[in-house]
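Single-structure report; data block below.
Order of the sequence lines fixes the chain letters, A, B, ..., with proteins taken first and strands second; residue numbering starts at 1 for each chain.
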Protein chains: 2
Amino acid sequence: MKKSVTIKDVAAYTGLSVGTVSMALNGSERIAQKTKKYVAMAADELGFRKNPFARSLSTKKSRIIGCIVPDITNQFYGEMVGHLQKELVERDYGLIVGFANEDRNQEARLISQFIDRGVDGIISVPVTDTKHDISQIRTLYEDSFPIVFISAYYKDIPYYTVMADLEDGMYQITASFLKKGYKNMAFVFGDLNLIPSSERLNGVKRAYAAAGIEFDPSNIFQASGVTYLAGYSTVVNYTGHNKPDVIFAINDIMAMGIISALRAKGMRIPEDIKVAGFDDISNAAFLETPLTTVSQSIELMCRETVTLLLNRLEGKNTFSGIKKIQTTVIIRESAY
Amino acid sequence: MKKSVTIKDVAAYTGLSVGTVSMALNGSERIAQKTKKYVAMAADELGFRKNPFARSLSTKKSRIIGCIVPDITNQFYGEMVGHLQKELVERDYGLIVGFANEDRNQEARLISQFIDRGVDGIISVPVTDTKHDISQIRTLYEDSFPIVFISAYYKDIPYYTVMADLEDGMYQITASFLKKGYKNMAFVFGDLNLIPSSERLNGVKRAYAAAGIEFDPSNIFQASGVTYLAGYSTVVNYTGHNKPDVIFAINDIMAMGIISALRAKGMRIPEDIKVAGFDDISNAAFLETPLTTVSQSIELMCRETVTLLLNRLEGKNTFSGIKKIQTTVIIRESAY
DNA sequence: TTGTATGCGTTATCAG
DNA sequence: CTGATAACGCATACAA
């Protein structure tokens, strides 16, 4: 690590003052074109790199965004982080990550840490467990700290969020199967108090109502989580005798777990039983059993989220409610 | 964003000097216990939070580590990032991420960006494409910038890396199948010039040699990448007539793609053809076809990597070569 | 054990 | 258009 060259060195080298060099480097309007070029060359020649710490100390900005997702093992969140990073890096922001493992306490700790690290803003997939204390989030909101939510929101703080229209997506897919004549359908969701489940459930109910069919709540299954394994276990541990025509999972990887367990029980898919997921993760079309699902356009979601956050950072007037992104039903072999 | 309280405020509040407060907060030995407690209380009361930028400017440390992986869509790398983050957060480091998409240029850009952001060190899964320029890495090495490699290394710069013993893992699994009498085995790898492929290939050859069987190089297939889709396509596009007893993929998700494509062609697994992967990703045991694979103990790998990097940061004497982590063959249904 | 003073590298303000 | 200088908030070497 050789001693780094500072703006002062560039000043000395060019015979200009520190201030001028700084402005020149930042492309200020009030510096002559000629000077700017001269400074740029000199800086280049000396191998000058801005010291980010000094810069941040002065500007109070780090150009780093913190991002918290529940569980990186879920490919959906992997893709999410990937897209967020891509969007951010293009705008010269860095992305620092944390994983909450569906635990509000971990999430809270991560948020504090991020803020203590001086991130300019936070993107969070809320852990919307109603049992837990949410005052931290409320405080952030009231202090108008730049935090935006993606893919879910806190029930009591439904602001600055970008998410798929889960209710409509679920409505569409449920309705389409009702129309085909299937009535005995099971829904494997996570905790029903959570937004991602409850919104979907609303869609389901709406579809039944629209079809004039009564919805039997016993067809809802609350799994122990929303992971591959949770889906797998739900099927393995099911002791009832009802064999639904279609099983809807809350997301794709859970659907994969469900399919796997069904196969282990000797069921054929889609002949004996149909399965549908939600998300349309990148290889959903190429699974052993290509997966029927509802596409979330995750890339679009991420782009909107980043835009929303950066607009907030730049003090622009932004939409502050819940922006819902349209979904698309995709029928594949798992539920032909 | 209310005006933040600084160390100066705490000093004023306690009647102590700025220097004393700083030391007290940092737990310096030469400050009285009593004073430390007093300062801590006062700081707490005032809601004081250290300004990370000032701190960094002074210490020249950010407590942020940059991490570059090829492709977050691959669950294996997802798990890797997860473990790295966990290890780092426990030691009060932040993890900033970048995705290189197997592209050396992107990787180089990310590394520069990270350094310009003032990361204390970098963890990288090398994009070991020999076609590309690697001088940046060499320079970093020569300047002894704290960069460590995980899961692969640059052929010409085989230092500070932690990876699974790919050669031995491949040797073990190949040998075990040779022992069972299978001889017609196909190996679907990525670019053979790359470490991850070439090391595995050495293991294969060694196993054949040990068994006294001649190895036919035409059984090696270079896929277009190492993704699910690459595996899938390799099978779909295969026009040859040779039907191997066993197909070995370079990693689990590729094996999954291969299985999927084989199934689409009407093959039964493992009856008609066996498939093995590499990595043992977290749900490999619960796939529709539970996957035979070689476990990489990714958690251990990540822990070792973080330890190695942090030791370097603390100036401790560290092992500087290639640390190989032992692998374990796991036989499951896909290759019974 | 505590206080003082200086430096860290930029940005920004205010003169010139 | 450019120069000088004061922040920014903390750590640390040196005094006391």
Side-chain angles (χ1 to χ4, degrees), chain A residues 1-40 42-43 46-64 92 115-120, chain B residues 1-44 46-64 92 115-120 313-314:
Chain A
M1 228 65 329
K2 28 197 154 182
K3 210 184 141 308
S4 50
V5 5
T6 78
I7 220 173
K8 215 183 271 176
D9 300 320
V10 180
Y13 186 78
T14 55
L16 293 165
S17 79
V18 173
T20 306
V21 172
S22 174
M23 310 224 74
L25 252 23
N26 290 331
S28 163
E29 290 303 330
R30 26 191 253 195
I31 299 288
Q33 269 316 319
K34 231 174 92 177
T35 318
K36 284 193 208 170
K37 273 195 186 138
Y38 178 41
V39 169
L46 297 177
F48 167 76
R49 321 252 60 187
K50 274 195 187 130
N51 178 316
F53 309 139
R55 184 184 174 74
S56 289
L57 179 58
S58 190
T59 60
K60 301 184 177 321
K61 303 243 162 300
S62 61
R63 295 196 82 80
I64 293 184
D92 195 31
I115 293 179
D116 285 348
R117 281 229 151 65
V119 298
D120 289 348
Chain B
M1 230 65 328
K2 27 196 155 182
K3 208 184 143 304
S4 50
V5 6
T6 78
I7 221 173
K8 215 183 271 177
D9 301 318
V10 180
Y13 186 77
T14 56
L16 292 166
S17 79
V18 173
T20 306
V21 171
S22 174
M23 310 222 74
L25 253 22
N26 290 331
S28 162
E29 290 303 331
R30 27 190 253 197
I31 299 288
Q33 270 314 319
K34 231 173 89 177
T35 317
K36 286 192 206 168
K37 274 193 187 144
Y38 178 43
V39 170
M41 279 194 49
D44 207 85
L46 296 177
F48 168 75
R49 322 251 60 187
K50 272 190 191 141
N51 178 316
F53 308 141
R55 185 185 173 73
S56 288
L57 178 58
S58 188
T59 61
K60 301 183 177 322
K61 303 242 162 302
S62 61
R63 295 196 81 81
I64 294 183
D92 194 32
I115 293 177
D116 285 348
R117 282 228 149 66
V119 298
D120 289 348
L313 292 186
E314 291 164 9

Given [options], the nucleotide with the shortest approach to the side chain of [X]:
X	options	answer
A:F48	C:dT2, C:dT10, D:dG3	C:dT10
A:I7	C:dG3, D:dC10, C:dT10	C:dT10
A:K50	C:dT11, D:dG9, C:dT2	C:dT11
A:T6	D:dG3, C:dG9, D:dG9	C:dG9

- Query: At under 4.0 Å, does any side-chain N or O of B:K60 touch on OP1 or OP2 of C:dG9?
  - Reply: yes
- Message: Evaluate B:K37 against B:D44 for salt bridge (charged side-chain N to carboxylate O under 4.0 Å, His left out), listing each step before the verdict.
- Response: CA-CA 10 Å; B:K37 274 193 187 144; B:D44 207 85; over 6 Å; no
- Enter the distance from A:R55:CZ to B:D116:CG here, rounded to the nearest 0.5 Å. 10.5 Å
- Query: Per the end-axis method with five pairs at each terminus, what is the bend angle of the helix from C:dT1-D:dA16 to C:dG16-D:dC1, to 10°?
  - Reply: 40°
Can you list, pair by pair, the side-chain donor-acceptor contacts under 3.5 Å of residues 24-34 of chain A, counting residues two or more places apart and other chains?
from  : atom 1 : to    : atom 2 : distance (Å)
A:N26 : OD1    : A:K50 : NZ     : 2.7
A:N26 : ND2    : A:S22 : O      : 3.4
A:S28 : OG     : A:R30 : N      : 3.3

Need one value for [X]: base, sugar-phosphate or nothing, where a base atom within 4.0 Å counts as base even if backbone is also close, heavy atoms only.
X	value
B:L25	nothing
B:G118	nothing
A:T35	sugar-phosphate

Could you state the atom-to-atom distance from [atom1] of [X] to [atom2] of [N] in whole Å?
X	N	atom1	atom2	value
A:F53	D:dA11	CZ	P	14 Å
B:K8	C:dT4	NZ	C1'	14 Å
A:L16	D:dT5	CG	P	17 Å
B:K34	C:dT2	NZ	P	9 Å
A:N51	C:dG7	CG	P	17 Å

Pairs under 3.5 angstrom, nitrogen or oxygen only, protein versus nucleotides 12-16 of chain D, please.
from   : atom 1 : to    : atom 2 : distance (Å)
D:dC14 : N4     : B:R30 : NH2    : 3.1

- Can you list the steps and then say if A:D9 with A:F48 is a side-chain contact (heavy atoms from CB on, under 4.5 Å)? CA-CA 9 Å; A:D9 300 320; A:F48 167 76; over 6 Å; no
